[in-house]
2 protein chains.
Amino acid sequence: MAKQEKKETAGELDGRKLKILHAIIRNYLESGEPVGSRTISKYTDLNLSSATIRNEMSDLEELGYIVQPHTSAGRIPTDKAYRLYVDTMMEEKDREISDLKGMLTQAEEKMDQMLKNVARVLAVNTNYATMVTAPAIRGNKLKFIQISKVDDTQILATIVVEGNVIRNNMIAIEDPLSDETILKLNILLNTHLTGMSLDDINLGMITLLKEQSGIHSKIVGEILDAVAQAIRGDEDLEVYTSGTTNILKYPELADNQKAGALISTFEEKQALARIASESLEGNENNGIQVYIGDEAPIESMKDCSVVTATYELGEGMRGSIAIVGPKRMDYDKVVGTLKTMKDELETMYKKKNKSGKSGSPKDKRGDN
Amino acid sequence: MAKQEKKETAGELDGRKLKILHAIIRNYLESGEPVGSRTISKYTDLNLSSATIRNEMSDLEELGYIVQPHTSAGRIPTDKAYRLYVDTMMEEKDREISDLKGMLTQAEEKMDQMLKNVARVLAVNTNYATMVTAPAIRGNKLKFIQISKVDDTQILATIVVEGNVIRNNMIAIEDPLSDETILKLNILLNTHLTGMSLDDINLGMITLLKEQSGIHSKIVGEILDAVAQAIRGDEDLEVYTSGTTNILKYPELADNQKAGALISTFEEKQALARIASESLEGNENNGIQVYIGDEAPIESMKDCSVVTATYELGEGMRGSIAIVGPKRMDYDKVVGTLKTMKDELETMYKKKNKSGKSGSPKDKRGDN
DNA sequence: GTTAGCACTCCAAATAAATGAGTGCTAACA
DNA sequence: TGTTAGCACTCATTTATTTGGAGTGCTAAC
């Protein structure tokens with residue numbers, strides 16, 4: 001007669017077990033301490049005695065949702081529980097991130113300055129470690145090439161890609177080029193290459209260009225290399241981090257050994273790019289993704305959770321934002337904050353671009 | 001009759017005291033533990049009993065060279081002792097840094113990549129935290145300006161400064177410019193500005209240019225702003241760090257509180273620029289400078305020592321390298337390593353520049 | 001099915017005891 | 001007068017011991 005409420009939300013858990021598990025997780029998120037039956041019995045509105053809770057907890061343990069760090073300690077959630085939690089039990093919540101907006105909108109600096117700022121603001125706000133990657137440019141088109149003579153031994157190739165990413169390449173030359181030659185090369189390159197994406201520039205095009213450039217085919221070759229690189233966007237994307245030391249605030253991570261490895265990871269930044277690009281692949285939930293423990297592709301983060309969001313600035317320029325904290329991070333808040341940040345970035349970009357066209361003061365941008 | 005050996009090296013210390021102090025420091029550098037009289041009596045070749053040493057140590061303590069962390073503990077050197085040590089007692093020593101050279105020479109990447117590498121190599125090699133700043137360009141001359149039209153709403157100003165630092169600035173325009181106008185502007189700017197340093201471009205020159213550019217004076221104004229910035233070199237110099245977590249290896253720094261602050265300092269990088277620019281000022285000992293404890297201009301480093309070196313790549317492009325570790329860092333080794341690194345960098349730059357002229361494959365360089 | 005009660009476990013914190021490195025001082029020695 | 005041995009004392013560190021309490025599992029009663 002008591003099976004009325006069997007919701008079967010997770011296949012193997014009835015409603016009460018779910019509620020209890022939920023309570024355990026919430027509690028552990030806050031306290032970071034193993035949580036016992038008594039606590040749950042008082043905390044929740046289930047009106048169950050600690051003994052009953054104990055029975056249920058025993059079941060939950062058998063099902064692999066919670067474990068005891070040692071006999072006669074409270075229970076802590078497993079990765080499986082966290083996964084269930086973020087998948088099904090998290091409700092949306094909007095928080096006070098008003099100051100966040102404020103801090104951002106006054107940042108009309110260069111792109112990299114702004115992204116650094118984003119990382120910083122997020123770190124301060126969440127008390128976790130954060131990481132932001134600059135928008136990677138993919139499948140973009142060449143907008144414009146300019147060859148200029150710097151002196152007798154080198155020329156400068158300036159390449160502008162859609163989205164106003166600029167790249168400069170110094171090219172050493174053996175013999176001086178005349179202004180005329182440079183003009184010709186400019187015309188040659190621009191007429192053939194403008195508007196092309198990386199896929200459009202095939203071998204035929206390349207040989208054609210080299211032929212037409214005559215004795216300067218070597219230089220053209222080098223310029224094409226540079227173009228390829230510029231369009232592809234620096235393979236190793238730029239990564240900005242902040243709040244790394246927040247890690248030390250969580251005892252379960254602060255143990256010298258692990259903490260060192262983690263902080264190193266943040267310092268090296270290379271590994272972080274892996275997470276970034278992985279998160280750029282998937283694009284399910286609003287671009288928000290959660291990696292719990294081993295799910296993250298980085299060894300040193302196996303005791304952490306990582307929440308990533310991707311933002312898109314139009315024209316295929318996509319970057320990612322990630323927050324790294326202990327498994328018991330406040331998923332609700334983090335997801336909320338990330339969403340806001342993502343929106344904020346995207347709308348800001350739109351606004352900026354509009355005002356730029358209608359003649360606002362400056363729209364400077366360094367290269368990638 | 002016993003005053004024969006009175007060398008008076010440091011004004012208030014006789015030879016024996018010096019030797020003892022020396023021994024104390026050396027020992028403490030290695031062990032990190034307070035060192036007692038007995039250790040010294042055995043360690044050194046002075047053939048003095050521990051009791052005698054105790055007497056001398058008592059004197060040294062009174063003179064402020066050593067202290068006891070607590071009663072009945074051994075002594076540890078004070079900042080004063082370290083200062084004496086680096087000033088007078090350090091002998092030159094060349095170490096095995098051969099691999100260092102190897103690791104560097106294969107780095108013919110872009111400048112920033114290389115500097116990152118320098119930081120990394122140093123960190124791995126010394127086990128301290130390191131920091132490298134990119135060469136700041138000062139008092140440099142404008143080599144070349146190029147204005148190009150990107151589309152109807154914006155133009156691109158590419159500015160090359162001596163030393164091949166390149167800077168791009170997008171400038172929004174209200175009405176499209178004809179190719180002719182752009183050509184005129186290019187000629188106008190290059191004829192007047194090429195070869196000028198910041199000081200040379202005075203108000204007269206500016207108004208002259210604006211007049212001659214007619215209705216486009218506003219654009220010229222913006223370009224001049226960009227030029228000013230490019231020549232001055234980004235005020236906040238680029239800073240690369242590595243090995244931050246090495247800090248955790250030294251117990252006296254690893255205390256969560258301090259370590260966090262220190263690592264944060266390294267992460268923020270802003271404060272580090274202060275040290276860098278301070279070290280760029282002085283130029284005494286081969287460009288090597290040692291800051292002990294409070295001597296460094298950064299609060300969070302009051303328990304550290306900082307050794308800085310400056311390197312110069314010709315044409316006034318100077319950068320700095322710094323190593324941060326505990327006060328008991330191995331000064332000898334650090335100074336040696338820094339010297340080598342400095343030399344290595346400077347010779348590499350020379351070589352690179354030479355080979356560049358004689359037509360070597362590629363000499364790419366990003367902007368600042 | 002739920003709950004109270006009880007015995008049992010085991011971590012964590014507190015307390016106590018043992019250790020030992022190091023000092024300062026005094027008195028003897030060369 | 002400088003050097004040294006010896007001794008009593010201090011105090012951080014280590015180790016052992018005790019205690020408290022949070023938590024569990026089980027059983028019996030409701």
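We name chains A, B, ... by the order of the sequence lines, and we start the count at 1 in each one.
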* Asked: Whole Å only: how far is the CG atom of Asp14(B) from the P atom of dT1(D)?
  -> 17 Å

* Asked: Taking OP1 and OP2 of dT3(C), is either one under 4.0 Å from a side-chain nitrogen or oxygen of Thr52(A)?
  -> yes

* To do: Under the side chain to side chain donor-acceptor pair (under 3.5 Å) rule, collect the residues that match up with Lys302(A), sequence neighbours excluded.
  => none

* Asked: Just by protein heavy atoms under 4.0 Å, how would nucleotides 10-30 of chain C read 5' to 3' in B, S and -?
  -> SS----------BBB------

* To do: Would you check if there is a donor-acceptor pair between the side chains of Thr245(B) and Ser264(A) at a distance under 3.5 Å?
  => yes

* **Spacing between Lys17(A) atom NZ and dT2(C) atom C1', to the nearest angstrom** => 14 Å

* **Contacts of type salt bridge (Lys or Arg N to Asp or Glu O under 4.0 Å), residue Lys80(A), not counting sequence neighbours** => Glu12(A)

* What residues, two or more places apart in sequence or in another chain, satisfy salt bridge (Lys or Arg N to Asp or Glu O under 4.0 Å) together with Asp79(B)? -> Lys327(B)

* In chain order, what residues pass the salt bridge (Lys or Arg N to Asp or Glu O under 4.0 Å) check against Glu268(A), with sequence neighbours excluded? -> none

* Applying ring-ring contact (aromatic ring centres under 6.0 Å, His included), name anything that partners Tyr250(B), two or more places apart in sequence or on another chain. => Tyr128(B)

* Enumerate the residue pairs fulfilling salt bridge (Lys or Arg N to Asp or Glu O under 4.0 Å) with a member in residues 31-55 of chain B, sequence neighbours excluded, ordered by first and then second residue. => none

* Taking salt bridge (Lys or Arg N to Asp or Glu O under 4.0 Å) as the test, write out the residues that go with Arg83(A), two or more places apart. => Asp87(A), Glu295(A)

* Specify the separation, in whole Å, of atom CD1 of Ile53(A) and atom P of dT2(C). => 10 Å

* For DNA chain D, stems built from three or more consecutive Watson-Crick or G-U wobble pairs below 3.5 Å -> C:1-30 with D:1-30

